[in-house]
Structures are given as structure tokens and as C-alpha cells.
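Here's the structure, in C-alpha cells; my notes come after.
All residue numbers in this chain count up from 1 along the given sequence.
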Amino acid sequence: MGIQLIGLSHAKQKLQRSLSARIASLLATSGTNNVPKGHVAVYVGETYQRKRFVIPISYLNHPLFQSLLNLAEEEFGFDHPMGGLTIPCTEDYFTALASILSGS
């Protein structure tokens, strides 16, 4: 009985290592790991062709950005079609807002 439990323990460790390696390779190929620490990726646009921006997390607390987040919540709820944070505004508006926030 004790030998079987040791064998089961080793099999579990191998499975965890194998799954960890697969998850890491999926993340590397999907491009989700290229967001620097302290930043978040957002998708901006009013159509299905959205552009990806990487912004500092500090922007999320700004009142102007909070209003965009409220818009996103009203339009998409918590099930975002892009799988990430989707902001429903024009790219021009978002880049103008980002330049304002970077100066404050």
C-alpha cells in the first residue's frame, strides 16, 4: 500500500510539471506574457477589429478612465469577447486620454 502511494505521488508530480510546461508554452505563443509588470493590456475600438494597448495599472484609478470602464461594463458586462479588458471607444479618443493621463 505504501509503495503504491509513493508511485502515485511521483506520477502526480510529473503530471504537474508537464501541465506547467504546456501552459507556459501556450502563454508564450499567445503573446499574453509580454505585458510588463505594473501594466495591463486593453483592447480599444468600437468594431470587432480592436487595437491592443498596454497601459500602466495606475490609469485604472483615474476618474476619466473609470468612466470608460463603466461604459465597458454597460456594453460587455464581465464576459468580454476579446478575453481581456475591452474599451468601447475610438482609438483616437483613447490615445488622447492616455496622453492626458501620462502627463498627470
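Judged by distance alone, the side chain of E91 and the main-chain N or O of G45 form no donor-acceptor pair under 3.5 Å.
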Next item on the list: Dump the intermediate steps for side-chain contact (heavy atoms from CB on, under 4.5 Å) on H39 and V54, then the final yes or no.
Entry: CA-CA 6 Å; H39 291 71; V54 177; 3.7 Å; yes
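Contact check for L101 versus H62: side-chain heavy atoms found under the 4.5 Å cut-off. Using a 4.5 Å heavy-atom threshold, the side chains of F65 and L97 count as touching. Under the 4.5 Å side-chain criterion, counting only non-hydrogen atoms from C-beta, R52 is not in contact with V42. Counting heavy atoms from C-beta outward, L68 and C89 have side chains that approach closer than 4.5 Å. You'll find the side chain of L69 reaches within 4.5 Å of the side chain of I87, heavy atoms only.
Legend: residues meeting ring pair (Phe, Tyr, Trp, His ring centres under 6.0 Å) with Y59, ordered by chain and number and at least two apart, are absent. Residues meeting the ring pair (Phe, Tyr, Trp, His ring centres under 6.0 Å) test with F53, sequence neighbours left out: F94. Applying the side-chain contact (heavy atoms from CB on, under 4.5 Å) criterion to T90, with sequence neighbours excluded, gives E46, D92, Y93.
The shortest heavy-atom contact between A96 and S99 is O-OG, 2.8 Å.
Atoms CD and CG, on E73 and L85 in that order, are 11.0 Å from each other to the nearest 0.5 Å.
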